[in-house]
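Here's the structure, in structure tokens; my notes come after.
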Amino acid sequence: MKKLFFLLLSAAAVILTFAGCSLSSPYDYGTNWLIRENDIPQYYSKFDLFYIGKAPAGYGDTHDIQFNWTKTHTNDIFGRGVRVFSPEIPKPDVENVSEALEYYLDNFHKPGHPFVLLAEGKAADLLYKAMQKTNGISVKNGFIAAYLPDMQPKTAEEIADDFFWDGLKAAANADDYGVIVTWTSCINNEKMNNPALKKGNYCINPLNWKLDATPGTNKENIKAVFYMPEHKNIFWRKVEAKNFCSAVIDPEKGVLNIKCPLVLLHTVNGRFTKNCISIFAGNIAANAAKRTQNLIKYREWGKNVK
């Protein structure tokens, strides 16, 4: 169905061109990107990172706040060896996210070059659905993983069915690629009343990359990286905390129970924001690099290498 949609869209583009109309995209302009390439040449990039995200309500909604939030979740976590692409989505819906993702793949991505997708919460839901509509999300084209914490829960079977034609699946461990990586967060035993939470939901622990109830200790938490907008000094707005939390999967509910320090680093209206990219920043970055390296080894040696 996705292929048919793409063919119809291409045909429509040809018709419009011959009719004297020109197709344009808001992403033709650098002003519609919070970060576009971040000055890292492609030949130097270990992988590309495509990020969809927005600072939670309570942080502020200025362009500077959104840029700094994005920078903290991308450049400050993944380092200088990664090309970052983060569009500013004018209206957060699947169509706009799909257009931005397609624009990146068509205009910036070199076929086969490794790339990683990143979003959380509602943005993760949008990016997941956009992936289903977009061509080029395949291992052959360099797709490593989509890190989508706190998207709507799904079983591993549902994820495989959603991406059957592209051969993608839920991550089974720390090493595979062409995968969806997600978990549902329960921070400090907060009540989870969502009826969608149930046994059988896919959930992976980003501290040890296990699918079972093996505890992940705070020593396995490489570092958390938080954006703190209330600090007047811009150099104090990024805070790093090693060994920040522990986490264990509750298989009966399909959730990841996360134990954070009682004195939390940042709250909005007295509540800790569900900000799991920040909480597991070091682990996500290291894991993305590991999965990328495994794909490179596979291409070089023709076999999966751990």
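Remember, it's a predicted structure, so these values are computed and weren't measured experimentally. Both backbone and side-chain heavy atoms feed into the values below; hydrogens, waters and symmetry mates do not.
- A donor-acceptor pair is defined here as one N or O able to donate and one able to accept, closer than 3.5 Å; no such pair exists between the side chain of N205 and the backbone of K210.
- The existence of a salt bridge linking K122 and D150 is excluded, since no basic side-chain nitrogen approaches an acidic carboxylate oxygen closer than 4.0 Å.
- Side chains of D61 and Q66 form a contact here, defined as non-hydrogen atoms less than 4.5 Å apart.
- By the rule that hydrophobic residues join a cluster once side-chain heavy atoms approach within less than 4.5 Å of another member, V82 and I296 end up as members of separate clusters.
- Not a single ring-ring contact (aromatic ring centres under 6.0 Å, His included) links F47 to another residue, sequence neighbours left out.
- There is a side-chain donor-acceptor pair under 3.5 Å between D212 and T214.
- Evaluation of the salt bridge (Lys or Arg N to Asp or Glu O under 4.0 Å) rule for K199 yields E252 as partners, not counting sequence neighbours.
- Of the possible polar contacts, none joining the Y202 side chain to the G254 backbone as a donor-acceptor pair under 3.5 Å is found.
- Cluster membership for L207 and I222, using ILVMFWY side-chain heavy atoms within less than 4.5 angstrom, is not shared.
- Taking every heavy atom of both residues into account, K133 and E102 meet most closely at O-OE2, 3.8 Å.
- The same ILVMFWY cluster, assembled from side-chain heavy atoms under 4.5 Å apart, contains both L118 and Y103.
- The only member of L256, L197, I249 that meets side-chain contact (heavy atoms from CB on, under 4.5 Å) when paired with T184 is L197.
- None of L34, I35, I277 except one satisfies the side-chain contact (heavy atoms from CB on, under 4.5 Å) rule with T74; the exception is I35.
- When each of T70, L126, I89 is paired with I52, the side-chain contact (heavy atoms from CB on, under 4.5 Å) condition holds for I89 and for no other.
- Between the CG atom of N294 and the CG atom of D175 there is a distance of 5.0 Å, given to the nearest 0.5 Å.
- The nearest pair of heavy atoms linking N201 to P153 is ND2-CB, 3.4 Å.
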Item to complete: Verify side chain to side chain contact (heavy atoms under 4.5 Å, CB included) between F115 and H109, making sure each step is shown before the conclusion.
Response: CA-CA 8 Å; F115 67 99; H109 175 254; 3.4 Å; yes
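- To the nearest 0.5 Å, atoms SG (C245) and CD1 (I258) are separated by 6.0 Å.
- I180 places a side-chain heavy atom less than 4.5 Å from the side chain of M131.
- In this structure, F67 and T62 have side chains that are not in contact, with every pair of non-hydrogen atoms separated by 4.5 Å or more.
- Every residue meeting the side-chain contact (heavy atoms from CB on, under 4.5 Å) condition with K253, not counting sequence neighbours, appears here in chain and number order: D250, V255.
- Closest of all the heavy-atom pairs between A213 and P251 is CB-CG, 4.1 Å.
- Y51 is not listed as a side-chain neighbour of P87, based on a closest heavy-atom distance of 4.5 Å or more.
- Hydrophobic clustering (ILVMFWY, side-chain heavy atoms < 4.5 Å, transitive): V84 and I65 are in one cluster.
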Discussion item. Pair F226, I279 - check side chain to side chain contact (heavy atoms under 4.5 Å, CB included), show working.
Written reply: CA-CA 8 Å; F226 292 95; I279 291 174; 4.1 Å; yes
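- The structure places CE of M151 at 4.5 Å from CD1 of I159, a figure rounded to the nearest 0.5 Å.
- A 4.5 Å side-chain heavy-atom check between D125 and V94 finds every atom pair outside the cut-off.
- At distances below 3.5 Å, at least one donor-acceptor pair connects side-chain atoms of N173 with backbone N or O atoms of D176.
- Under the 4.5 Å side-chain criterion, counting only non-hydrogen atoms from C-beta, S45 is in contact with H113.
- When side chains are defined from C-beta on, L148 does not count as touching V181, because their heavy atoms never get closer than 4.5 Å.
- We find that E240 and K242 are not joined by a salt bridge, their nearest charged nitrogen and carboxylate oxygen being 4.0 Å or further apart.
- Scanning all heavy atoms of the two residues, the minimum distance from K290 to A174 falls at CD-O, 4.0 Å.
- Closest non-hydrogen pair, P215 versus V248, comes out as CA-CG2, 4.0 Å.
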Item to complete: Tell me, with the steps shown, if I137 and F163 meet side chain to side chain contact (heavy atoms under 4.5 Å, CB included).
Response: CA-CA 9 Å; I137 312 295; F163 295 101; 5.6 Å; no
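- At distances below 3.5 Å, not a single donor-acceptor pair connects side-chain atoms of N96 with backbone N or O atoms of P90.
- The residues K154 and D162 are annotated as salt-bridged, a charged nitrogen and a carboxylate oxygen being separated by less than 4.0 angstrom.
- Identified under the side-chain hydrogen bond (donor to acceptor under 3.5 Å, both in side chains) test for residues 138-148, with sequence neighbours left out: Y147-N287, Y147-R291.
- S246 contributes atom OG, which lies 12.5 Å from atom NZ of K219 (distance to the nearest 0.5 angstrom).
- For W33, the ring-ring contact (aromatic ring centres under 6.0 Å, His included) test picks out Y27, F108, with sequence neighbours left out.
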Discussion item. Please determine whether side chain to side chain contact (heavy atoms under 4.5 Å, CB included) holds for the pair S278 and V225, giving the CA-CA distance in whole Å, both sets of side-chain angles, and the decisive distance to 0.1 Å.
Written reply: CA-CA 5 Å; S278 290; V225 180; 5.6 Å; no
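- Hydrophobic clustering (ILVMFWY, side-chain heavy atoms < 4.5 Å, transitive): V116 and L295 are in one cluster.
- A donor-acceptor pair shorter than 3.5 Å cannot be found between the side chains of N221 and N218.
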Item to complete: Run the numbers on F85 and F50 for ring-ring contact (aromatic ring centres under 6.0 Å, His included), then give the verdict.
Response: CA-CA 5 Å; F85 296 85; F50 182 88; 7.7 Å; no
Worksheet entry | Test salt bridge (Lys or Arg N to Asp or Glu O under 4.0 Å) applied to D48 and K110, step by step | CA-CA 10 Å; D48 290 352; K110 179 181 178 182; over 6 Å; no
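- Residue N208 holds its CG atom at 9.5 Å from CG of L211, rounded to the nearest 0.5 Å.
- The distance from the CG atom of N75 to the NE2 atom of H73 is 12.5 Å, given to the nearest 0.5 Å.
- With sequence neighbours excluded, no residue satisfies ring-ring contact (aromatic ring centres under 6.0 Å, His included) with F78.
- With hydrogens and angles disregarded, no donor-acceptor distance shorter than 3.5 Å links the side chain of N32 to the backbone of E88.
- Ring pair Y298/Y177 is tilted by interplanar angle, where 30° to 60° counts as tilted.
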